[in-house]
Amino acid sequence: MNRIFALVDCNNFYVSCERLFSASIQNKPVIVLSNNDGCVVARSNEVKKLGVKMGQPVFEIKNLIEQHNIVLFSSNYSLYADMSDRVMQLLATFASEVEVYSIDESFLNLSHVSLESLQEYGEEIRATVWQFTGIPVSVGIATTKTLTKIATEIVKKQTGYLGVLSIAQMSEAELDELLEGISVEDVWGIGHRYAAALRTRDIYTAKDLKYTDPHWIRRHLTVVGARTVLELRGISCIPLETKVKPKKGIMSSKTFGRPIDQLQELEEAVANYTARAAEKLRDQDSLVLCINVFIQTNVFQKDAPQYSKSLSKMLPFPTAFTPDLISAALEALHSIYQPGYSFKKAGVYFSKIVSQESIQFDLFGNFTVEGHVKKTKLMCVVDLLNRLLGRDTLFFGAQGISREWKMRQERRSPRYTTQWSELLSTT
DNA sequence: CGGCGTTAG
DNA sequence: TATTCTAACGCCG
């Protein structure tokens, strides 16, 4: 029996979240900004029509913003994450297997639904999410994950589908007709580089790609590209990943709100990023063995002196204890720091991540079981308090207090759904 | 195995 | 004046 997949994709997700709490921006052009309010990361349809691109720097569209009264928001991740949870919980009631693919997308296994009722089933999913969360979604249904992406693409771009399209029951000829209308760079897994390579071989549409020689694809687009071709042919080879896998790398990095030249401020920033990364690490019950610290000046400032350096440090034994990680990070920072530069960005990256279960004892280092247990318990308490009472209720001295280097976020909406003090009120 | 390139959201 | 962040994976040497 053929498998059936659905892709449920929230429309302009961050913008839709903001619109839930503001009646006045329903049909207005709305943009959500990246960290530091620097780039566009979400656009309402009105803004897409104006030609604003994903990731575009805000300063490039300053005039457009004024001319069209575009409403700007800083990103409000507490709100988006909470709304995402609510949507995903609802989706889980429609299928026994769900893959939460990103903050605004899930794949569902719909193999239990008959071909004739797929369209209707999709419409029920959409109506339910809308009723209980107010978030509009698009649903694409097909026999492979790559084809669900295409169905969703069509739903979003062409009017008349009302949010749901099943192409699972279509004949090969009908399918090919649809694929002919999709540019090859709009196929999932084909980015701008691969698209350019394909165009040199006169491959312009999803249909062209579907009928391309698999050996050529295998050579030039790797095994991933070969899978994409098979998926376009209706052969499912990208399985549903239902289990959340622990991350193999954890990164915490940010551009500063303003350039930094003092070592002490860099230390604060690096300590903070390390603390964040360590939280994520403990969240997935992991320990880390290798920590990498990097700093860089403003790469866009062409005429300013540039400096960029990173350094990895192996830890003596795997740990998730924030103070130990901060010490290691600061040591690395001191090795790479050069005075006389204005730094604009720093980051911390954890690699060689292992499960807490499979801890390897270090015979020669100063690892002791008692010490490990004590540190684990302490971090448990810190995490618990911060979860209950808000981030940074407890933090380490090295993280600093004033944090003047912090990113700019001048237009963040209230955390309506996760902070009692920020509930929507009418007064 | 590390570095690089590519893609995704 | 001004330009996100995070993660995965395949290939190659």
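None of the values given here were measured: they were computed from a predicted structure. The sequence lines fix the lettering, A, B, ..., with proteins before strands; numbering per chain opens at 1.
The interatomic distance linking A:E279 (CD) with C:dT6 (P) rounds to 13 Å, in whole Å. For the pair A:Y80 OH and C:dC5 P, the interatomic distance rounds to 16 Å; values are reported in whole Å. Atom CH2 in A:W188 sits about 9 Å away from atom P in B:dA8, given to the nearest Å. Atom CD in A:Q296 sits about 10 Å away from atom P in C:dC5, given to the nearest Å. In this entry the distance linking CZ of A:R276 with P of C:dT4 reads 20 Å, nearest Å. In this entry the distance linking OH of A:Y14 with C1' of B:dG9 reads 8 Å, nearest Å. In this entry the distance linking CZ of A:F256 with P of C:dC5 reads 10 Å, nearest Å. The distance between atom CE of A:M314 and atom P of B:dG2, rounded to the nearest whole Å, is 9 Å.
Residue A:T255 places no side-chain N or O under 4.0 Å from the OP1 or OP2 atom of C:dT3. The side chain of A:K149 places an N or O atom within less than 4.0 Å of a non-bridging phosphate oxygen (OP1 or OP2) of B:dG9. For C:dC5, the OP1/OP2 oxygens have a side-chain nitrogen or oxygen of A:K345 closer than 4.0 Å. For A:K248 and C:dC9, the shortest distance from a side-chain N or O to OP1 or OP2 is below 4.0 Å. Taking only side-chain nitrogens and oxygens, A:T222 never comes nearer than 4.0 Å to OP1 or OP2 of B:dT6. Side-chain N/O atoms of A:R218 include one lying less than 4.0 angstrom from OP1 or OP2 on C:dC11. Between A:K145 and the phosphate of B:dA8, there is no side-chain N or O to OP1/OP2 separation shorter than 4.0 Å.
Side chain of A:K247, nearest nucleotide from B:dG2, B:dT6, C:dA8: C:dA8. Out of B:dT7, C:dA7, B:dG9, the shortest distance to the side chain of A:S102 is found at B:dG9. Considering only the side chain of A:R227, C:dG10 comes nearest among C:dG10, C:dC5, C:dA7. Of all nucleotides listed (C:dG10, B:dG9, C:dC5), C:dC5 comes nearest to the side chain of A:N35. The nucleotide whose nearest atom lies closest to any side-chain atom of A:R193 is, among B:dT6, C:dT3, C:dC5, B:dT6. Listed candidates were C:dC5, B:dA8, C:dA7. Nearest to the side chain of A:Y101 is B:dA8.
In this structure the side chain of A:F107 never reaches within 4.5 angstrom of the side chain of A:L91, judged on heavy atoms. When side chains are defined from C-beta on, A:K207 counts as touching A:D176, because their heavy atoms get closer than 4.5 Å. Looking at heavy atoms from C-beta onward, A:Q284 lies in side-chain contact with A:I353 at the 4.5 angstrom threshold.
Between A:P246 and A:V223, the one whose closest nucleotide on DNA chain C sits nearer the 5' end is A:P246. Nearest-nucleotide positions on DNA chain C for A:G38 and A:V224 put A:G38 closer to the 5' end.
In summary, of the residues considered (A:E231, A:E99, A:E105, A:E241), a salt bridge (charged side-chain N to carboxylate O under 4.0 Å, His left out) with A:K145 occurs for A:E99 alone.
Between the side chains of A:N2 and A:T143, no donor-acceptor pair of N or O atoms lies under 3.5 Å.
Within 4.0 Å (heavy atoms only), A:Q301 reaches sugar-phosphate atoms of the nucleic acid but no base atom. Nucleic acid contact for A:I190: sugar-phosphate only, since backbone atoms but no base atoms lie under 4.0 Å from a heavy atom of the residue. Within the 4.0 angstrom heavy-atom criterion, only backbone atoms of the sugar-phosphate kind lie near A:I250; the bases stay farther away. Backbone-only contact: A:S252 has heavy atoms under 4.0 Å from sugar-phosphate atoms and none from a base. Here A:V32 lies out of heavy-atom contact (under 4.0 Å) with every strand. Looking at heavy-atom distances under 4.0 Å, A:E60 makes no contact with the nucleic acid at all.
Ring geometry for A:Y101 versus A:W188: interplanar angle over 60°, hence perpendicular rather than tilted (30 to 60°).
Centroid-to-centroid, the aromatic rings of A:Y14 and A:Y80 come within less than 6.0 Å.
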